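Contents: one structure, followed by commentary.
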2 protein chains.
Amino acid sequence: MPRAGLTEIRVVEEGERIADEVGLSSLTLAALAQRLGVRQPSLYKHVAGTDGLRRSIAIRAKIELAAVLRRATVGRARRDAIGSMARAYRAWAKQHPGRYAAAQRAPVPGDADDEFASAEAVQVAFDVMAGYNLRDDDAVDAIRGLRAALHGFVTLESDGGFGLPVDIDRSFERLVAGLATAFEAWSDDPAVSAQI
Amino acid sequence: MPRAGLTEIRVVEEGERIADEVGLSSLTLAALAQRLGVRQPSLYKHVAGTDGLRRSIAIRAKIELAAVLRRATVGRARRDAIGSMARAYRAWAKQHPGRYAAAQRAPVPGDADDEFASAEAVQVAFDVMAGYNLRDDDAVDAIRGLRAALHGFVTLESDGGFGLPVDIDRSFERLVAGLATAFEAWSDDPAVSAQI
DNA sequence: GCCTGAAGGCTAATATCAATAGCCTGAAGC
DNA sequence: GCTTCAGGCTATTGATATTAGCCTTCAGGC
């Protein structure tokens, strides 16, 4: 009998596929082992059980999402950057619902890798807010608001929470535009305020 | 041996308590049966398994939350109503994290009771939006935005997603105020726009 | 006060999943 | 070729959900 030739990365990637296809809650070690052609206990040679698997997926998702957001904002500023980032966020979450759900878990305090990955995405938002001349507490408020709105929207959308047959893209664009306008008003920099 | 004297309502209420105390994901029939002093299978005489229990909790939570929001908006209008509703929403979610989480499940299509309960909360928001002279698609956009922002904020807050030690109440107030301003701008009613 | 029947408990059994212990062997390095 | 050990495996335990089917309490009719 030849070996299956698993590695941690192959196990985690297959787990990501399952999570995206059937939902994070249906990602079981049993299903994962079956797809990889091995028995459940064999997976423990590569990942630290269910928790370890989900943690790995979460960390990778956070880093990938941060990179996507970063790419969406290069060469853009202010509402242009916010809009582009918001659309990229929503698109990625839609394309990878399982990974996105996994990424929502806050890092266990002291888990350096997870904390680093979480900070990555926040950093992108901070950089964008600097373009509004928002700093410190003002930037924190803006990021929290933006993140809450994006996360809430994406979550409700993917859970089918928007029942009515009214254009969802339009609702999203208006929400983002409204927030961008609000952030402008929070800045006391005349160069930014003048753009309203 | 005297009977335990369970009823559906008593089972569901104890389930709500467990969910709020230790989290919805830790609400198991085993734990529930133990707290009620019976064996697991006995619960099936009163609720339709785990799914049925969660569904009952969800429906009751939606109705209660709708009532809370309704109370928060009577005698208020526009940004006053939005602010009051938003604060009531956040406060209720914080007080009842398990029930709130249960309420996020979208109703199974065709489940009349659940659909009714879901519509209740949306109706409150619709009524408030009418005060902005927002109707139809504009109202839908506004409700989606508000709901997304509130849900996202509350979820991130309860999951400990806001790491930084910056005043969370202030972030919330600014987000809500920003949205209220945006909604005013969406209205073409001069009487509303003049208030900006 | 009995009889009856169903409601509301129970035990027992099955299935799924996670997790641990410990065996066995393929394959790489010497 | 030998050794070693990483990477598979089987077997087992424990948590949970669920179903089947039994048995007794208790209420209502006679």
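Here the structure is a predicted model, which means the values were calculated and not measured. Residue numbers start from 1 in every chain, and the chains themselves are labelled A, B, ... in the order their sequence lines are given, proteins ahead of strands.
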Distance, rounded to the nearest Å, where Leu43(B) contributes CG and dG8(C) contributes P: 13 Å
Pair Tyr89(A) and Tyr100(A), ring centroids less than 6.0 Å apart: yes
Minimum-distance nucleotide (side-chain atoms of Pro41(A) versus dC17(C), dA21(C), dG8(D)): dA21(C)
Rounded interatomic separation in angstrom, taking OH from Tyr44(A) and P from dC23(C): 20 Å
Quiz item: cation-pi between Arg90(A) and Phe172(A), 6.0 Å / 45°: yes
Phosphate OP1/OP2 of dT10(D) contacted by Arg39(A) side-chain N/O (<4.0 Å): yes
Partner nucleotide, any strand, of dC30(D) [Watson-Crick/G-U, under 3.5 Å]: dG1(C)
Protein-nucleotide distance (Asp51(A), atom CG; dA15(D), atom P), rounded to Å: 17 Å
Contact summary for Asn133(B) and Arg135(B), nearest pair of heavy atoms: OD1-NH2, 3.1 Å
Arg54(B) CZ - dA17(D) C1' separation (whole Å): 11 Å
Sole residue of Leu179(A), Val128(A), Asp141(A) in side-chain contact (heavy atoms from CB on, under 4.5 Å) with Leu146(A): Leu179(A)
Side-chain N,O (Ser42(B)) to OP1/OP2 (dG8(C)) below 4.0 Å: no
DNA chain C: 5'-proximal contact among Thr28(A) and Lys45(A) (nearest heavy atom): Thr28(A)
Sugar-phosphate, base or nothing in reach of Thr50(B), heavy atoms under 4.0 Å: sugar-phosphate
Interatomic distance where CG belongs to Leu6(B) and C1' belongs to dT25(D) [whole Å]: 14 Å
Of the listed nucleotides dG8(D), dA17(D), dC10(C), the one nearest the side chain of Val38(A): dG8(D)
Presence of His46(A) side-chain N/O under 4.0 Å of dA6(D) phosphate oxygens OP1/OP2: no
